[in-house]
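Just so you know, these numbers come straight off a predicted model, no measurement behind them.
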Amino acid sequence: MNTLHCKACFAHGKQDIRIDERTLEYSEDQVVVKVEAGGICGSDIHYYQEGHAGLSILKHPMVIGHEFSGVVHIAPKNSTLKVGSKVAVNPSQPCNQCQFCLEGKQNVCSSMRFMGSAQFNPHVNGGFSEFVVVSEQQCYPYDPQIDSKIMAFSEPTAVAIHAINVAGSLVGKKVLVIGAGPIGGLIIAAAKASGASEVIASDVSERCREIALQMGANKALDASNSHDLLAYKEDKGYFDVTFEASGSSIAIATSVDMTKRNGIVVQVGMGKNTIEYPVAKMLVKEISWKGSFRFIDEFATAVTWLQNGIIDPRPLISGSYPYQEIEKALLQAADKTVSSKVLVTF
(Lines give C-alpha, C1' and ligand atoms only; values in the text may rest on other atoms or scores of the structure.)
Protein backbone atom coordinates (compact mmCIF):
# COMPACT_ATOMS: atom_id res chain seq x y z
CA MET A 1 0.00 0.00 0.00
CA ASN A 2 1.07 3.58 -0.70
CA THR A 3 0.43 6.51 1.63
CA LEU A 4 -0.29 10.21 1.26
CA HIS A 5 -0.75 12.90 3.92
CA CYS A 6 -3.27 15.74 3.72
CA LYS A 7 -5.80 17.81 5.67
CA ALA A 8 -9.53 17.26 5.85
CA CYS A 9 -12.72 18.54 7.53
CA PHE A 10 -13.60 16.14 10.36
CA ALA A 11 -16.86 16.19 12.29
CA HIS A 12 -15.98 15.11 15.84
CA GLY A 13 -19.44 15.59 17.36
CA LYS A 14 -22.13 18.17 17.97
CA GLN A 15 -20.85 21.62 16.92
CA ASP A 16 -17.32 20.24 16.76
CA ILE A 17 -15.77 20.50 13.30
CA ARG A 18 -11.98 20.52 12.90
CA ILE A 19 -9.32 20.62 10.21
CA ASP A 20 -7.22 17.54 10.99
CA GLU A 21 -4.29 15.82 9.38
CA ARG A 22 -5.04 12.42 7.87
CA THR A 23 -3.03 9.64 6.24
CA LEU A 24 -4.52 8.06 3.14
CA GLU A 25 -3.62 4.58 2.01
CA TYR A 26 -4.18 3.53 -1.57
CA SER A 27 -3.44 0.54 -3.75
CA GLU A 28 -2.26 0.45 -7.35
CA ASP A 29 -5.81 -0.04 -8.67
CA GLN A 30 -7.29 2.95 -6.84
CA VAL A 31 -7.55 6.60 -7.88
CA VAL A 32 -6.30 9.53 -5.84
CA VAL A 33 -8.31 12.68 -6.55
CA LYS A 34 -7.22 16.17 -5.55
CA VAL A 35 -10.49 17.77 -4.48
CA GLU A 36 -11.30 21.20 -5.93
CA ALA A 37 -14.85 22.01 -4.81
CA GLY A 38 -17.67 20.56 -2.75
CA GLY A 39 -21.24 21.43 -1.84
CA ILE A 40 -22.63 21.38 1.69
CA CYS A 41 -25.69 19.13 1.99
CA GLY A 42 -28.31 18.94 4.72
CA SER A 43 -26.70 15.82 6.16
CA ASP A 44 -23.40 17.71 6.62
CA ILE A 45 -25.28 20.41 8.51
CA HIS A 46 -26.97 17.82 10.74
CA TYR A 47 -23.66 16.13 11.61
CA TYR A 48 -22.32 19.55 12.61
CA GLN A 49 -25.38 20.82 14.46
CA GLU A 50 -26.52 17.61 16.16
CA GLY A 51 -23.75 15.02 15.88
CA HIS A 52 -25.98 12.81 13.77
CA ALA A 53 -27.98 12.78 10.53
CA GLY A 54 -31.19 10.89 11.13
CA LEU A 55 -30.27 7.52 12.62
CA SER A 56 -26.62 7.82 11.55
CA ILE A 57 -24.79 8.85 14.73
CA LEU A 58 -21.15 9.95 14.91
CA LYS A 59 -19.19 7.45 16.97
CA HIS A 60 -15.77 8.72 15.94
CA PRO A 61 -14.39 11.62 13.83
CA MET A 62 -15.51 11.48 10.20
CA VAL A 63 -14.68 13.49 7.07
CA ILE A 64 -17.94 15.10 5.92
CA GLY A 65 -19.12 15.90 2.39
CA HIS A 66 -20.46 13.82 -0.48
CA GLU A 67 -20.93 16.42 -3.22
CA PHE A 68 -17.56 17.15 -4.79
CA SER A 69 -15.36 17.29 -7.87
CA GLY A 70 -11.63 17.36 -8.41
CA VAL A 71 -8.62 16.44 -10.50
CA VAL A 72 -7.01 13.02 -10.91
CA HIS A 73 -3.76 13.14 -8.95
CA ILE A 74 -2.77 9.47 -9.25
CA ALA A 75 -4.34 7.01 -11.69
CA PRO A 76 -3.99 3.21 -11.95
CA LYS A 77 -1.84 1.75 -14.69
CA ASN A 78 -3.73 1.03 -17.91
CA SER A 79 -6.61 3.19 -16.71
CA THR A 80 -8.76 5.28 -19.02
CA LEU A 81 -8.30 8.06 -16.46
CA LYS A 82 -5.31 10.32 -16.93
CA VAL A 83 -3.45 12.36 -14.36
CA GLY A 84 -4.77 15.91 -14.58
CA SER A 85 -8.23 14.87 -15.79
CA LYS A 86 -11.09 16.72 -14.10
CA VAL A 87 -13.65 14.38 -12.55
CA ALA A 88 -16.92 14.44 -10.69
CA VAL A 89 -16.92 11.76 -8.00
CA ASN A 90 -19.93 9.52 -7.36
CA PRO A 91 -20.10 9.00 -3.57
CA SER A 92 -22.18 5.80 -3.90
CA GLN A 93 -20.44 2.52 -3.20
CA PRO A 94 -23.09 -0.24 -3.45
CA CYS A 95 -22.19 -3.87 -2.78
CA ASN A 96 -23.24 -4.98 -6.30
CA GLN A 97 -23.98 -8.44 -4.89
CA CYS A 98 -27.34 -8.19 -3.11
CA GLN A 99 -30.71 -8.82 -4.75
CA PHE A 100 -31.40 -5.10 -5.21
CA CYS A 101 -28.03 -4.38 -6.81
CA LEU A 102 -28.42 -7.34 -9.16
CA GLU A 103 -31.83 -5.96 -10.17
CA GLY A 104 -30.26 -2.59 -10.99
CA LYS A 105 -31.63 -0.88 -7.87
CA GLN A 106 -28.33 0.05 -6.27
CA ASN A 107 -29.82 3.12 -4.57
CA VAL A 108 -31.64 0.86 -2.07
CA CYS A 109 -28.67 -1.45 -1.45
CA SER A 110 -28.77 -2.31 2.27
CA SER A 111 -24.97 -2.47 2.34
CA MET A 112 -24.46 0.86 0.55
CA ARG A 113 -21.34 2.60 1.78
CA PHE A 114 -22.07 6.22 0.98
CA MET A 115 -19.22 8.70 1.37
CA GLY A 116 -19.60 11.11 4.28
CA SER A 117 -22.02 8.81 6.13
CA ALA A 118 -21.97 7.55 9.73
CA GLN A 119 -24.47 4.78 9.01
CA PHE A 120 -21.82 2.10 9.52
CA ASN A 121 -19.03 1.86 12.08
CA PRO A 122 -16.31 2.56 11.12
CA HIS A 123 -17.85 5.45 9.23
CA VAL A 124 -17.31 6.12 5.52
CA ASN A 125 -15.21 9.26 5.15
CA GLY A 126 -16.42 11.90 2.73
CA GLY A 127 -14.92 14.25 0.18
CA PHE A 128 -14.15 17.42 2.14
CA SER A 129 -10.46 16.58 2.10
CA GLU A 130 -7.48 17.84 0.13
CA PHE A 131 -7.22 14.37 -1.40
CA VAL A 132 -9.55 11.35 -1.51
CA VAL A 133 -9.04 7.74 -2.53
CA VAL A 134 -11.81 6.29 -4.70
CA SER A 135 -12.37 3.58 -7.29
CA GLU A 136 -12.07 4.24 -11.01
CA GLN A 137 -15.80 3.47 -11.36
CA GLN A 138 -16.64 6.42 -9.11
CA CYS A 139 -14.86 8.94 -11.36
CA TYR A 140 -16.66 10.68 -14.23
CA PRO A 141 -14.40 12.84 -16.42
CA TYR A 142 -15.74 16.11 -17.76
CA ASP A 143 -14.67 19.01 -19.96
CA PRO A 144 -11.82 20.79 -18.11
CA GLN A 145 -13.17 24.15 -19.26
CA ILE A 146 -16.19 23.69 -16.96
CA ASP A 147 -15.86 25.25 -13.50
CA SER A 148 -15.38 22.62 -10.78
CA LYS A 149 -17.96 24.49 -8.66
CA ILE A 150 -20.61 23.66 -11.25
CA MET A 151 -19.58 20.00 -11.35
CA ALA A 152 -19.77 19.80 -7.56
CA PHE A 153 -23.54 19.78 -8.20
CA SER A 154 -23.33 16.37 -9.93
CA GLU A 155 -24.61 14.42 -6.92
CA PRO A 156 -27.68 16.57 -6.10
CA THR A 157 -28.44 16.85 -9.82
CA ALA A 158 -28.43 13.05 -10.00
CA VAL A 159 -30.94 13.04 -7.11
CA ALA A 160 -33.17 15.41 -9.09
CA ILE A 161 -32.96 13.39 -12.32
CA HIS A 162 -33.74 10.19 -10.42
CA ALA A 163 -36.89 11.84 -9.05
CA ILE A 164 -37.90 12.67 -12.63
CA ASN A 165 -37.36 9.04 -13.64
CA VAL A 166 -39.48 7.85 -10.70
CA ALA A 167 -42.32 10.05 -11.98
CA GLY A 168 -42.08 8.73 -15.53
CA SER A 169 -42.48 10.77 -18.71
CA LEU A 170 -43.09 14.48 -18.09
CA VAL A 171 -43.57 15.38 -21.75
CA GLY A 172 -46.48 17.79 -21.96
CA LYS A 173 -47.23 17.45 -18.23
CA LYS A 174 -48.11 20.17 -15.72
CA VAL A 175 -45.65 19.90 -12.84
CA LEU A 176 -45.58 21.32 -9.32
CA VAL A 177 -42.39 21.42 -7.25
CA ILE A 178 -43.03 22.06 -3.55
CA GLY A 179 -39.90 23.37 -1.83
CA ALA A 180 -37.49 25.41 -3.94
CA GLY A 181 -34.28 24.65 -2.07
CA PRO A 182 -31.26 23.13 -3.86
CA ILE A 183 -32.97 19.83 -4.72
CA GLY A 184 -36.25 21.51 -5.61
CA GLY A 185 -34.44 24.01 -7.82
CA LEU A 186 -32.62 21.23 -9.64
CA ILE A 187 -35.88 19.30 -10.07
CA ILE A 188 -37.42 22.41 -11.65
CA ALA A 189 -34.58 22.58 -14.19
CA ALA A 190 -34.66 18.82 -14.80
CA ALA A 191 -38.44 18.85 -15.32
CA LYS A 192 -38.15 21.63 -17.90
CA ALA A 193 -35.36 19.72 -19.64
CA SER A 194 -37.56 16.60 -19.63
CA GLY A 195 -40.38 18.19 -21.59
CA ALA A 196 -42.83 19.43 -18.96
CA SER A 197 -45.22 21.96 -20.49
CA GLU A 198 -45.53 23.95 -17.27
CA VAL A 199 -43.46 23.91 -14.08
CA ILE A 200 -44.68 25.84 -11.07
CA ALA A 201 -42.79 26.15 -7.79
CA SER A 202 -44.17 26.64 -4.30
CA ASP A 203 -42.21 27.89 -1.29
CA VAL A 204 -42.73 30.05 1.80
CA SER A 205 -39.48 31.94 1.13
CA GLU A 206 -39.47 34.87 -1.29
CA ARG A 207 -35.75 34.32 -1.85
CA CYS A 208 -36.36 30.69 -2.84
CA ARG A 209 -39.24 31.69 -5.11
CA GLU A 210 -36.98 34.12 -6.95
CA ILE A 211 -34.36 31.39 -7.38
CA ALA A 212 -37.05 29.00 -8.64
CA LEU A 213 -37.82 31.43 -11.45
CA GLN A 214 -34.13 31.64 -12.31
CA MET A 215 -34.00 27.83 -12.43
CA GLY A 216 -36.77 27.82 -15.03
CA ALA A 217 -40.09 27.79 -13.18
CA ASN A 218 -42.95 29.42 -15.09
CA LYS A 219 -44.36 30.75 -11.85
CA ALA A 220 -43.56 30.66 -8.14
CA LEU A 221 -46.37 30.49 -5.56
CA ASP A 222 -46.22 31.68 -1.98
CA ALA A 223 -46.96 28.49 -0.03
CA SER A 224 -48.03 30.54 3.00
CA ASN A 225 -50.70 32.38 0.99
CA SER A 226 -53.82 30.21 0.69
CA HIS A 227 -55.21 32.55 -2.01
CA ASP A 228 -52.18 31.80 -4.24
CA LEU A 229 -52.83 28.07 -3.95
CA LEU A 230 -56.62 28.10 -4.20
CA ALA A 231 -56.91 28.22 -7.99
CA TYR A 232 -54.74 25.09 -8.30
CA LYS A 233 -56.84 23.12 -5.78
CA GLU A 234 -60.15 23.78 -7.53
CA ASP A 235 -61.74 21.01 -9.60
CA LYS A 236 -59.83 18.39 -7.60
CA GLY A 237 -56.34 19.54 -8.46
CA TYR A 238 -54.37 20.97 -11.37
CA PHE A 239 -51.05 19.16 -11.68
CA ASP A 240 -50.27 15.89 -13.40
CA VAL A 241 -47.14 15.39 -11.32
CA THR A 242 -46.13 16.93 -7.99
CA PHE A 243 -42.62 16.71 -6.56
CA GLU A 244 -42.64 17.27 -2.79
CA ALA A 245 -39.12 18.43 -1.95
CA SER A 246 -39.67 20.29 1.32
CA GLY A 247 -40.45 17.47 3.74
CA SER A 248 -42.98 19.74 5.47
CA SER A 249 -45.96 17.86 6.92
CA ILE A 250 -48.36 20.56 5.73
CA ALA A 251 -46.82 20.54 2.25
CA ILE A 252 -47.05 16.75 2.01
CA ALA A 253 -50.76 16.90 2.82
CA THR A 254 -51.27 19.81 0.39
CA SER A 255 -49.69 17.81 -2.44
CA VAL A 256 -52.82 15.63 -2.57
CA ASP A 257 -55.07 18.70 -3.04
CA MET A 258 -52.87 20.14 -5.78
CA THR A 259 -52.57 16.95 -7.84
CA LYS A 260 -55.12 15.78 -10.40
CA ARG A 261 -57.06 12.56 -10.16
CA ASN A 262 -54.83 9.65 -11.22
CA GLY A 263 -51.86 11.98 -10.83
CA ILE A 264 -48.49 11.20 -9.30
CA VAL A 265 -46.82 12.63 -6.20
CA VAL A 266 -43.09 11.96 -5.89
CA GLN A 267 -41.86 12.33 -2.32
CA VAL A 268 -38.27 13.63 -2.27
CA GLY A 269 -38.15 15.62 0.99
CA MET A 270 -37.40 13.49 4.05
CA GLY A 271 -39.35 15.43 6.65
CA LYS A 272 -40.48 13.85 9.91
CA ASN A 273 -41.18 10.17 10.46
CA THR A 274 -44.73 10.87 11.66
CA ILE A 275 -47.15 13.04 9.68
CA GLU A 276 -50.88 13.48 9.21
CA TYR A 277 -51.72 12.39 5.67
CA PRO A 278 -55.10 12.67 3.88
CA VAL A 279 -55.34 8.98 3.02
CA ALA A 280 -59.04 9.02 2.10
CA LYS A 281 -58.58 11.92 -0.33
CA MET A 282 -55.54 10.22 -1.87
CA LEU A 283 -57.54 7.01 -2.36
CA VAL A 284 -60.59 8.73 -3.85
CA LYS A 285 -58.39 10.60 -6.34
CA GLU A 286 -56.38 7.41 -6.93
CA ILE A 287 -53.11 9.28 -6.63
CA SER A 288 -49.84 7.36 -6.77
CA TRP A 289 -47.49 8.40 -3.95
CA LYS A 290 -43.94 7.35 -4.78
CA GLY A 291 -40.71 7.67 -2.86
CA SER A 292 -37.50 8.83 -4.53
CA PHE A 293 -34.20 8.04 -2.82
CA ARG A 294 -30.72 9.04 -4.01
CA PHE A 295 -29.98 7.85 -7.57
CA ILE A 296 -28.80 4.92 -9.65
CA ASP A 297 -27.13 5.48 -13.04
CA GLU A 298 -28.44 9.05 -13.17
CA PHE A 299 -25.05 10.31 -11.96
CA ALA A 300 -23.63 9.95 -15.47
CA THR A 301 -26.60 11.86 -16.88
CA ALA A 302 -26.12 14.60 -14.30
CA VAL A 303 -22.48 15.06 -15.31
CA THR A 304 -23.48 15.31 -18.98
CA TRP A 305 -26.33 17.75 -18.34
CA LEU A 306 -24.17 20.03 -16.20
CA GLN A 307 -21.28 19.87 -18.65
CA ASN A 308 -23.55 20.72 -21.60
CA GLY A 309 -25.43 23.47 -19.79
CA ILE A 310 -28.77 21.65 -19.89
CA ILE A 311 -28.96 22.43 -16.18
CA ASP A 312 -27.29 25.58 -14.84
CA PRO A 313 -27.03 25.37 -11.02
CA ARG A 314 -25.38 28.76 -10.51
CA PRO A 315 -28.53 30.57 -9.22
CA LEU A 316 -28.45 28.16 -6.27
CA ILE A 317 -24.95 29.19 -5.13
CA SER A 318 -25.19 31.36 -2.01
CA GLY A 319 -21.54 31.50 -1.02
CA SER A 320 -18.11 29.91 -1.29
CA TYR A 321 -15.50 29.37 1.42
CA PRO A 322 -12.00 27.86 1.53
CA TYR A 323 -12.04 24.57 3.44
CA GLN A 324 -10.07 26.19 6.28
CA GLU A 325 -13.29 28.13 7.03
CA ILE A 326 -15.54 25.07 7.08
CA GLU A 327 -17.35 26.14 10.27
CA LYS A 328 -18.27 29.52 8.76
CA ALA A 329 -19.46 27.70 5.63
CA LEU A 330 -21.64 25.34 7.69
CA LEU A 331 -23.13 28.19 9.69
CA GLN A 332 -24.07 30.06 6.52
CA ALA A 333 -25.44 26.89 4.90
CA ALA A 334 -27.60 26.25 7.97
CA ASP A 335 -29.21 29.70 7.74
CA LYS A 336 -31.95 29.05 5.21
CA THR A 337 -33.01 32.71 5.27
CA VAL A 338 -29.89 33.56 3.26
CA SER A 339 -28.57 30.32 1.76
CA SER A 340 -29.43 27.64 -0.77
CA LYS A 341 -26.15 25.92 -1.61
CA VAL A 342 -22.85 26.89 0.03
CA LEU A 343 -19.64 25.62 -1.55
CA VAL A 344 -16.29 24.69 -0.03
CA THR A 345 -13.12 25.03 -2.10
CA PHE A 346 -9.77 23.24 -1.84
Problem - Phe131: partners by ring pair (Phe, Tyr, Trp, His ring centres under 6.0 Å), with sequence neighbours left out - result: His73
Problem - ILVMFWY cluster, Val256 and Val268 together (side-chain gap under 4.5 Å) - result: no
Problem - Asn308 (side chain) donor-acceptor with Ile310 (main chain) under 3.5 angstrom - result: no
Handout entry: Non-hydrogen side-chain atoms of Ile326 and Gln324 separated by less than 4.5 Å
Key = no
Problem - Side-chain touch Ser205/Lys336, heavy atoms, less than 4.5 angstrom - result: no
Handout entry: Whether Asp203 side chain and Arg209 backbone form a donor-acceptor pair below 3.5 Å
Key = no
Problem - Contacts of Ala223 that satisfy side chain to side chain contact (heavy atoms under 4.5 Å, CB included) - sequence neighbours left out - result: Ser202, Val204
Exercise for the section: Would you check if Ile19 and Cys9 make a side-chain contact, meaning some heavy-atom pair closer than 4.5 Å? Expected result: yes
Problem - Residues in salt bridge (charged side-chain N to carboxylate O under 4.0 Å, His left out) contact with Arg314, at least two apart in sequence or another chain - result: Asp312
Handout entry: Member of Leu58, Leu330, Ile17 meeting the side-chain contact (heavy atoms from CB on, under 4.5 Å) criterion with Tyr47
Key = Leu58
Completion exercise
Scanning both residues in full, the closest heavy-atom pair of Ala75 with Val83 reads N-CG2, 4.1 Å
Problem - Non-neighbouring partners of Gln49 that pass side chain to side chain contact (heavy atoms under 4.5 Å, CB included), sequence neighbours left out - result: Ile45, Ala334
Practice task
Output all residues satisfying ring pair (Phe, Tyr, Trp, His ring centres under 6.0 Å) with His46, sequence neighbours left out; order by chain, then residue number.
Solution key: none
Exercise for the section: Output the distance between atom CD1 (Ile264) and atom CZ (Phe243), rounded to the nearest 0.5 Å. Expected result: 8.5 Å
Handout entry: Set of salt bridge (charged side-chain N to carboxylate O under 4.0 Å, His left out) partners for Asp335, sequence neighbours left out
Key = none
Handout entry: Joint hydrophobic cluster, Ile57 plus Ile64, side-chain heavy atoms closer than 4.5 Å
Key = no
Handout entry: Thr80 and Glu136 side chains, donor-acceptor separation under 3.5 Å
Key = yes
Practice task
Look at the side-chain heavy atoms of Ile, Leu, Val, Met, Phe, Trp and Tyr, link any pair under 4.5 Å apart, and say whether Ile296 and Val108 land in one connected group.
Solution key: no
Fill in the blank from the handout: To the nearest 0.5 Å, atom OG of Ser197 lies from atom NZ of Lys192 at 8.5 Å
Handout entry: Phe10 side chain near Glu21 side chain, heavy-atom distance below 4.5 Å
Key = no
Exercise for the section: Hey, could you give me the NZ/CD1 distance between Lys260 and Ile287, rounded to the nearest 0.5 Å? Expected result: 12.0 Å
Handout entry: Trace of the side-chain hydrogen bond (donor to acceptor under 3.5 Å, both in side chains) decision for Ser92 with Arg294
Key = CA-CA 9 Å; Ser92 297; Arg294 289 179 178 162; over 6 Å; no
Problem - Test item: Asn125 and Met62 side chains (from C-beta on) under 4.5 Å apart, heavy atoms - result: yes
Problem - Between OG1 on residue Thr254 and OH on residue Tyr232, distance to nearest 0.5 Å - result: 15.0 Å
Practice task
Heavy atoms only: give me the nearest Gly39-Asp44 pair and the separation to one decimal.
Solution key: O-OD2, 3.9 Å
Practice task
Determine, stepwise, if the pair Met258 / Lys233 fulfils side-chain contact (heavy atoms from CB on, under 4.5 Å).
Solution key: CA-CA 5 Å; Met258 306 286 277; Lys233 293 181 181 179; 3.6 Å; yes
Practice task
For atom NZ of Lys7, decide whether the heavy atoms of other residues, nucleotides or ligands shown that lie under 6.0 angstrom number more than 12.
Solution key: no
Handout entry: side chain to side chain contact (heavy atoms under 4.5 Å, CB included) involving Ala300 - partner list, sequence neighbours excluded
Key = Tyr140
Practice task
Following the transitive rule for hydrophobic clusters with a side-chain heavy-atom cut-off under 4.5 Å over Ile, Leu, Val, Met, Phe, Trp and Tyr, establish whether Leu24 and Val124 coincide in one cluster.
Solution key: no
Handout entry: Non-neighbouring partners of Arg207 that pass side-chain hydrogen bond (donor to acceptor under 3.5 Å, both in side chains), sequence neighbours left out
Key = Ser340
Handout entry: Donor-acceptor contact below 3.5 Å, side chain Gln93 vs main chain Arg113
Key = yes
Exercise for the section: Measure up the Phe128 and Phe346 rings against each other and bin them: parallel (under 30°), tilted (30 to 60°), perpendicular (over 60°). Expected result: tilted
Handout entry: Residue pair Pro76 / Tyr26, side-chain heavy-atom distance below 4.5 Å
Key = no
Practice task
Check whether any side-chain heavy atom of His162 sits under 4.5 Å from a side-chain heavy atom of Phe293, and report yes or no.
Solution key: no
Handout entry: Chi angles and distances behind the side-chain hydrogen bond (donor to acceptor under 3.5 Å, both in side chains) call for Ser255, Thr242
Key = CA-CA 7 Å; Ser255 67; Thr242 296; over 6 Å; no
Practice task
Just jot down the ring pair (Phe, Tyr, Trp, His ring centres under 6.0 Å) partners of Phe100, sequence neighbours excluded, or say none.
Solution key: none
Exercise for the section: For atom NZ of Lys86, decide whether the heavy atoms of other residues, nucleotides or ligands shown that lie under 6.0 angstrom number more than 12. Expected result: yes
In residues 168-191, what donor-acceptor pairs under 3.5 Å come from side-chain atoms, sequence neighbours left out?
| from | atom 1 | to | atom 2 | distance (Å) |
| --- | --- | --- | --- | --- |
| Ser169 | OG | Val171 | N | 3.3 |
| Lys173 | NZ | Ser169 | O | 3.1 |

Problem - Glu67 side, atom CD; Met115 side, atom CE - distance, nearest 0.5 Å - result: 12.5 Å
Exercise for the section: List the steps and the verdict of side-chain contact (heavy atoms from CB on, under 4.5 Å) for Phe153 and Ile311. Expected result: CA-CA 10 Å; Phe153 280 86; Ile311 288 181; over 6 Å; no
Exercise for the section: Report whether Ile161 and Val266 are members of the same hydrophobic cluster (ILVMFWY, side-chain heavy atoms less than 4.5 Å apart, transitive linking). Expected result: yes
Practice task
Just do the side-chain contact (heavy atoms from CB on, under 4.5 Å) check on Val31 and Val33 with the steps written out, would you?
Solution key: CA-CA 6 Å; Val31 182; Val33 174; 3.9 Å; yes
Problem - Exercise: identify the closest heavy-atom pair between Ser117 and His123 - result: O-CB, 3.6 Å
Completion exercise
When rounded to the nearest 0.5 Å, the distance separating OG of Ser56 from CG of Asn121 is 11.0 Å
Problem - Student check: side-chain heavy atoms of Val72 and Lys82 closer than 4.5 Å - result: no
Exercise for the section: Apply side-chain contact (heavy atoms from CB on, under 4.5 Å) to Ser226 and Leu229, showing your working. Expected result: CA-CA 5 Å; Ser226 58; Leu229 305 181; 5.8 Å; no
Exercise for the section: Please report the closest heavy-atom contact between Ile40 and Ala333, naming both atoms and the distance. Expected result: CG2-CB, 3.8 Å
Exercise for the section: Verify side-chain hydrogen bond (donor to acceptor under 3.5 Å, both in side chains) between Gln138 and Asn90, making sure each step is shown before the conclusion. Expected result: CA-CA 5 Å; Gln138 290 176 263; Asn90 185 340; 6.0 Å; no
Exercise for the section: Report the residues that fulfil ring pair (Phe, Tyr, Trp, His ring centres under 6.0 Å) with His66, sequence neighbours left out, ordered by chain and then residue number. Expected result: Phe114
Problem - Partners passing side chain to side chain contact (heavy atoms under 4.5 Å, CB included) against Gln267 (at least two apart in sequence or in another chain) - result: Glu244, Ile252, Trp289
